[in-house]
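Worksheet: the structure to be examined is printed underneath.
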Amino acid sequence: MPIASIDPASGKELRHFQPLADAAIEERLARAARAAAAWRRTPVTERARVVRAAGELLEREGDRFAAIMTSEMGKLLSAAREEAAKCAVACRWYADRAGELLANEPVEVEGERSYVAWQPLGVVLAVMPWNFPFWQVVRFAAPALVAGNVGLLKHASNVPQCALALEELFTRAGAPEGVFQALLIGSKEVERVLADPRVAAATLTGSDGAGRSVAAIAGKHIKPTVLELGGSDPFIVMPSAELRQAVTTAVKARTLNNGQSCIAAKRFIVHEAIYDEFLRRFVPAMEALRVGDPTLPETQVGPLATTQVREDLERQVAESVGRGACLLTGGHRIDGPGYYYQPTVLSDIPESAPAFGEELFGPVASVFRVSSIEEAIRVANATRFGLGASAWTNDDAEIARFADEIEAGSVFVNGMVASDPRFPFGGVKQSGYGRELAAVGMREFMNMKTVRIRLAGSEGTDTE
Ligand code: NAP
């Protein structure tokens, strides 16, 4: 794929970039390695200061960053501003807690002064997607930089200006040369960068195909990885749910980010007692959404990010309908410039349909009718993914079962799935492994070092 910014609202190319040549990649790797050696010795307070300063810039210049995001990948300008603000919160969260999260943890052993120390691994390669082009990167970079790691960003090929803006952000925040660099390279170059001995680890957010490839390369070189992959999150509505609120949230959860979020609700699993009423409200609400120019305040759904994303979605919907799914609204591209697609609702979806087993990355809701909580849980878990889940009920026994039995990295009851720096974020099954955010997100790329110091005069016992 060429590295180019194409405005999805018009289909027009804004800028394009030459991928880095071999010598330039080598130069950046060498710079990263030099920076890693110095950055790990830089006091934690100084590393936290840089990340805090990045957060302040994100807050102050949110409008400018938002305009870059919207122009390259089509998210609503209002959502892009919120994304910049959320990045600022994450920077502050890690900067505020740096000392506490990185302190040695003493372990009580008689005759010893022993502890667990947290040390950075070095250069971490971050392979990132376009859908939250700032948030995905900052939620990796803020904890990594505070921890003393350095970052090499290989961003998605359709958001090069976001990649360069992020590099500039950390430089202006005071990160020394090489601590955070963007690599404008295609995905074919990932293997050589990851195989390079100067790179210690990798994190990838993206499709399961990309995850498989990066995990295989990292496995060959025995390097740790965190994978944040796709999802087909269930949104379960039971009879005791507050239906008005559930429907409002269902529409939002499906169409957030123009339907292109890993944790968007994608499969709506509705109890038969309220199924007809749910559809009576949900379908017109999806139909009423205003689709259009993402820079206009009245727009609720913007374009899809690339022509390929729209083609994939068109194929999945057409094939699902061909296999017997019922099209309740939408189902087609919107003619004219830009990559627009109608908000769409499918029901009566057979297991053989793409809408049953694949991730649909766009404003297409798949609705399933179930007759019991057992069936709701079975359908929710009938996917190779396991990222998030949302369940709507006011029955305590049902809440306990959903929390316990749904196979996902997070379960939200009577709320929409969202990431938050205070909680671990990640998936199970083919949604990936490892966690981002919270303390654990920082520690994924750290050496948890056991240090045991026998005190003078203490006998101790040496056992294996
Ligand atoms: P993608 O095509 O997998 O691309 C993601 C990144 O991986 C890009 O930088 C891409 O580079 C690179 N890449 C693609 N194939 C690769 C390969 N074989 N080897 C190495 N790198 C490779 O995904 P996307 O279309 O950008 O993003 C959508 C997907 O991301 C969805 O499945 C979504 O659910 C998932 N996602 C997951 C999370 C989460 O937290 N779990 C968050 C957001 C998105 P190029 O652009 O150069 O191809």
Side-chain angles (χ1 to χ4, degrees), residues 1-6 8 17 19-20 72-75 83 125-140 152-160 162-163 166 182-195 202-218 220 225-233 256-266 304-313 316 358-362 383-388 408-410 417-420 423-437 441:
M1 206 205 275
I3 297 177
S5 289
I6 294 174
F17 297 82
L20 292 180
E72 283 198 310
M73 53 68 64
K75 70 171 56 206
E83 183 167 335
L125 172 67
V127 183
M128 290 290 150
W130 46 263
N131 63 339
F132 290 92
F134 269 56
W135 172 240
Q136 307 291 357
V137 175
V138 169
R139 82 180 181 190
F140 150 72
L152 276 178
L153 168 66
K154 182 268 176 279
H155 218 327
S157 291
N158 56 324
V159 288
C162 287
L166 284 156
L183 290 179
L184 293 188
I185 54 173
S187 52
K188 284 201 174 65
E189 301 299 330
V190 166
E191 175 154 19
R192 62 169 284 202
V193 175
L194 182 49
T203 181
L204 177 135
T205 301
S207 59
D208 49 321
R212 232 178 282 280
S213 164
V214 163
I217 300 162
K220 197 161 126 196
T225 47
V226 166
L227 299 182
E228 297 285 4
L229 309 178
S232 188
D233 284 7
L256 177 92
N257 209 33
N258 309 335
Q260 305 156 116
S261 168
C262 53
I263 46 170
K266 292 173 185 140
L304 296 172
T306 65
T307 182
Q308 186 64 52
V309 172
R310 183 165 72 168
E311 279 165 27
D312 290 347
L313 193 65
Q316 289 170 312
E358 296 177 17
E359 176 181 30
L360 268 57
F361 222 52
T383 166
R384 63 197 172 91
F385 297 111
L387 198 52
S410 64
V417 179
S419 57
D420 180 317
F423 291 89
F425 182 88
V428 295
K429 295 157 77 174
Q430 288 179 26
S431 289
Y433 52 74
R435 290 292 180 267
E436 292 193 287
L437 300 176

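Just so you know, residue 1 is the first one in the sequence shown, and it goes up from there. Counting starts at 1 for both ligands and their atoms, in listed order.
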Could you tell me whether M128 and ligand 1 have an N or O pair separated by under 3.5 Å? yes
Using a 4.0 Å cutoff against the non-hydrogen atoms of H155, which atoms of ligand 1 qualify? 9 (O)
Tell me which one of S419, S207, S157, G426 gets a heavy atom nearest to atom 23 (O) of ligand 1. S207
Say whether E359, considering both its backbone and side-chain N or O atoms, lies within less than 3.5 Å of an N or O atom on ligand 1. yes
With sequence neighbours left out, write down each residue that passes side chain to side chain donor-acceptor pair (under 3.5 Å) with D312, or none if nothing qualifies. Q308
Is any side-chain heavy atom of F361 less than 4.5 Å from a side-chain heavy atom of N131? yes
So do the side chains of V214 and V190 get within less than 4.5 Å of each other, counting heavy atoms only? yes
Ligand 1 versus L387, non-hydrogen atoms closer than 4.0 Å: side chain, backbone, both, neither? side chain
Just by modelled atom types, is the A182 backbone N or O under 3.5 Å from a matching donor or acceptor in the H155 side chain? no
Indicate, as side chain, backbone, both or neither, the part of R139 found under 4.0 angstrom from ligand 1 when only non-hydrogen atoms are considered. side chain
Could you check which of G409, G209, G206 puts a non-hydrogen atom nearest to atom 35 (C) of ligand 1? G206
Ligand 1-proximal atoms of N131, by part, heavy-atom distance under 4.0 Å: side chain
Examine ligand 1 and decide if any of its atoms is less than 4.0 Å from a heavy atom belonging to M73. no
Could you work out, for atom 18 (N) of ligand 1, the closest of S213, G388, A163 by heavy-atom distance? S213
Is a side-chain donor or acceptor of S431 paired with a backbone partner of G386 at a separation under 3.5 angstrom? yes
Region of K154 engaging ligand 1 - heavy atom pairs below 4.0 Å: both
Report, as yes or no, whether the 6.0 Å neighbourhood of atom CD on E191 holds more than 12 heavy atoms from other residues, nucleotides or ligands. no
Flag W130 as yes when one of its N or O atoms lies below 3.5 Å from any N or O atom of ligand 1, and as no otherwise. yes
Is the backbone of D420 close enough, under 3.5 Å, to the side chain of R139 for a donor and an acceptor to pair up by distance? no
Kindly say whether A126 contributes a backbone atom to a donor-acceptor pair with the side chain of K154 at under 3.5 angstrom? no
Do any N/O atoms on L229 end up under 3.5 angstrom from N/O atoms on ligand 1? yes
Any idea which part of V214 is under 4.0 Å from ligand 1, heavy-atom wise: side chain, backbone, both or neither? side chain
Matching residue for Q316 among E359, E358, E311 - test: side-chain contact (heavy atoms from CB on, under 4.5 Å): E358
With no hydrogens and no angle check, do the side chains of S419 and W135 hold a donor and an acceptor under 3.5 Å apart? yes
Please name all residues satisfying side chain to side chain donor-acceptor pair (under 3.5 Å) with R384, sequence neighbours left out, ordered by chain then number. D208, Q430
Just let me know how S187 lines up against ligand 1, side chain, backbone, both or neither, with a heavy-atom cut-off below 4.0 Å. both
Contact with ligand 1 for F132, non-hydrogen, under 4.0 angstrom: no
Near Q136, which atoms of ligand 1 are under 4.0 Å from a heavy atom of that residue? 42 (C), 43 (C)
Heavy-atom proximity to atom 5 (C) of ligand 1, best of N257, V127, T205, T306: T205
